[in-house]
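Given the structure is predicted, the values throughout are model-derived calculations rather than measurements. Just so you know, ligand 1 is whichever comes first in the structure, and atom 1 is the first atom listed for that ligand. Sequence positions, counted from 1, serve as the residue numbers for this chain.
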Amino acid sequence: MQREKLLMIPGPTPVHPRIVQTLSLPTVSHVSPVMVSEMKEGLANLKKIAFCERGEPFVIAGAGTLAMEMALLNTVEKGERFLVLSQGYFGQRMVQISQSFGLDCDVIQSSWGEAVRPEELEKKLSEEKYTAVVSTHVDTATGACAPVKDYARILKEKPPFFIVDGVCATGGIEERMDDWGIDVILTAAQKCLGVPPGLALLVLSEAAMKKRKRMKSIPAYYSDLLNWLPIMKDPSKYFSTPCVNEIRAFTEGTRIVMEEGLTRRFQRHNQVARALRAALEALGFSFFTRKPFLADTLTVASYPQGVEDKPFRSTLNQNGIVVAGGLGETAGKVFRMGHMGNLSFSQVYFALEGVEKTLTTLGYSFKPQAGIVAASKILENSDEQGVSHV
Ligand SMILES: *Cc1c(COP(=O)(O)O)cnc(C)c1O
C-alpha cells in the first residue's frame, strides 16, 4: 500500500478528512431535497468567499480552465476586444482560449516573476477601448501575485469588465468583488478551497450577468451560463446532471472556510507563507519571484549551489512530500511549493523536516534545524494552529 503523501503542489492541495468523508456518502438524486439544500448552501458560501452580495454564483463540473473559458464566452462577444494582463503561464492560456473562439485580445506581458504594473494598465486603457480586462491573481508558474486591488481601482468607474482568474487565490487571498468592483471571479475546487479537483467555480456581478443577457447567442452550450442560471437559483431543476458527490464535498469545504473565518484564513495563509520562506531562506534557497510580488499561496524557490532539481524533488517525494517542478523557462531550476487551502501548522513542520532530511541525504551542508527554527519563530508567534486535520 502506498503511503499517503503531503501534497504541497499548486493544486490539488491536501484534502481535509471531513471532505473525504463527505465524498464517500451514497450518491443521491441530483434533484433530491438534500442535494438542493447542500448546493444552495455551497453557492451562498461561494458568494461570501468572493465578498459578493448580489451577483450570481455557479458551480459546474469541470476545472479551472473551464471556468476561464466560461468567464470569457459569457461576457465578451465576437468583434469586441479584451485585454489580458499576463503574469506568466495562465495569462497565456487566456490568449489561447480567445484564439480558439476567434475573440480579439491584446496582452500586456510582465517579466516572469513580476506582475503587470497598474500604470501600464492605465496607459493601455487610454489608448484602446476594451470590453473586458482579465488578470490572473496569482500565477502558478512564477508565484507572482498581481495587484488586483490596484487594477480594480483603475477599472472601477470605467466600462471594461474586470475578470479575475483566482484559481490560485480565491479563498486564500482577499478578493472583494463588490467593494473593489470585480465583475467575474473564477476559480476551481482543488486549490485554495482544498476540495478534490472536478469543479469550475464562478461568481458574476449583476453587471456581468446583464451583459450575458444582452448577448444574443454565444459559441457555447454547456458553457452557457444562461443554461445554468435556473439550476443555480433552484437546484431542483435540471439542465445537465451535476456531480452530486463532488458538489457536497465542495459545500463541506466551504463550511470549513466559514468556520475558520475569511479574515483568519487569509492571515493564516500569509503567516504560513512567511514561515516557509523564512525556513527556505535559512537553508540557502532563494526565490524566483521578485519580492513585492511574493504570493501567500505559493512559493517558487531556486536551489542553492550544489542542490539539483531532480534528486531534490524525488528524494523529497520519498520522504512523503510532493512539490512541483518549474514550468517553461524555470524548468529544472526551481521547485514550486503550494501552501494553500487547509494546511495545518504540523503539516508545515512535516514539510520542512522533509526538506531538511532531503538536503542531508543529498550531502548538502547546512545548520541542522535552521529551517524549522526560522519557521517556528513565525508560526509560534500566534494562537493559530492552522486547520486541524483530526
Ligand atoms: C491551476 C490554475 C488554472 C487551471 O486550472 P485547472 O483546474 O488545472 O484547469 C488556471 N489559472 C490559475 C491561476 C491556476 O493556478
Which atom pairs, one a donor and one an acceptor, fall under 3.5 Å between side chains of residues 162-173 and the rest of the protein, sequence neighbours left out?
{"from": "Asp165", "atom 1": "OD1", "to": "Val167", "atom 2": "N", "distance (Å)": "2.9"}
{"from": "Thr170", "atom 1": "OG1", "to": "Gly166", "atom 2": "O", "distance (Å)": "3.0"}
{"from": "Thr170", "atom 1": "OG1", "to": "Glu175", "atom 2": "OE1", "distance (Å)": "2.7"}

**Q.** Distance, nearest 0.5 Å, that separates CZ of Phe90 from OG1 of Thr140
**A.**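 Nearest 0.5 Å value for the CZ-OG1 distance: 4.5 Å.
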
Q: Can you measure from CG (Asn342) to CD (Glu260) and round to the nearest 0.5 angstrom?
A: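 These two atoms lie 7.0 Å from each other.
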
Quiz: residues 305-312 side-chain donor-acceptor pairs under 3.5 angstrom, not counting sequence neighbours:
{"from": "Asp309", "atom 1": "OD1", "to": "Tyr303", "atom 2": "OH", "distance (Å)": "2.6"}
{"from": "Asp309", "atom 1": "OD1", "to": "Arg313", "atom 2": "NE", "distance (Å)": "2.9"}
{"from": "Asp309", "atom 1": "OD2", "to": "Arg313", "atom 2": "NH2", "distance (Å)": "3.1"}

At less than 3.5 Å, what protein N or O atoms come close to the N or O atoms of ligand 1? Include the distances to 0.1 Å.
{"from": "ligand 1", "atom 1": "7 (O)", "to": "Gly64", "atom 2": "N", "distance (Å)": "2.8"}
{"from": "ligand 1", "atom 1": "7 (O)", "to": "Gln190", "atom 2": "NE2", "distance (Å)": "2.8"}
{"from": "ligand 1", "atom 1": "9 (O)", "to": "Gly64", "atom 2": "N", "distance (Å)": "3.3"}
{"from": "ligand 1", "atom 1": "9 (O)", "to": "Thr65", "atom 2": "N", "distance (Å)": "2.8"}
{"from": "ligand 1", "atom 1": "9 (O)", "to": "Thr65", "atom 2": "OG1", "distance (Å)": "2.6"}
{"from": "ligand 1", "atom 1": "11 (N)", "to": "Asp165", "atom 2": "OD1", "distance (Å)": "3.3"}
{"from": "ligand 1", "atom 1": "11 (N)", "to": "Asp165", "atom 2": "OD2", "distance (Å)": "2.7"}
{"from": "ligand 1", "atom 1": "15 (O)", "to": "Thr140", "atom 2": "OG1", "distance (Å)": "2.3"}
{"from": "ligand 1", "atom 1": "15 (O)", "to": "Lys191", "atom 2": "NZ", "distance (Å)": "2.7"}

Q) Among Arg264, Arg265, Arg18, which one satisfies salt bridge (charged side-chain N to carboxylate O under 4.0 Å, His left out) with Glu259? A)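 Result: among Arg264, Arg265, Arg18, Arg18 is the only option passing the salt bridge (charged side-chain N to carboxylate O under 4.0 Å, His left out) with Glu259.
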
Q: Please identify each residue that fulfils salt bridge (charged side-chain N to carboxylate O under 4.0 Å, His left out) with Lys357, with sequence neighbours left out.
A: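 With neighbours one apart ignored, the set is empty.
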
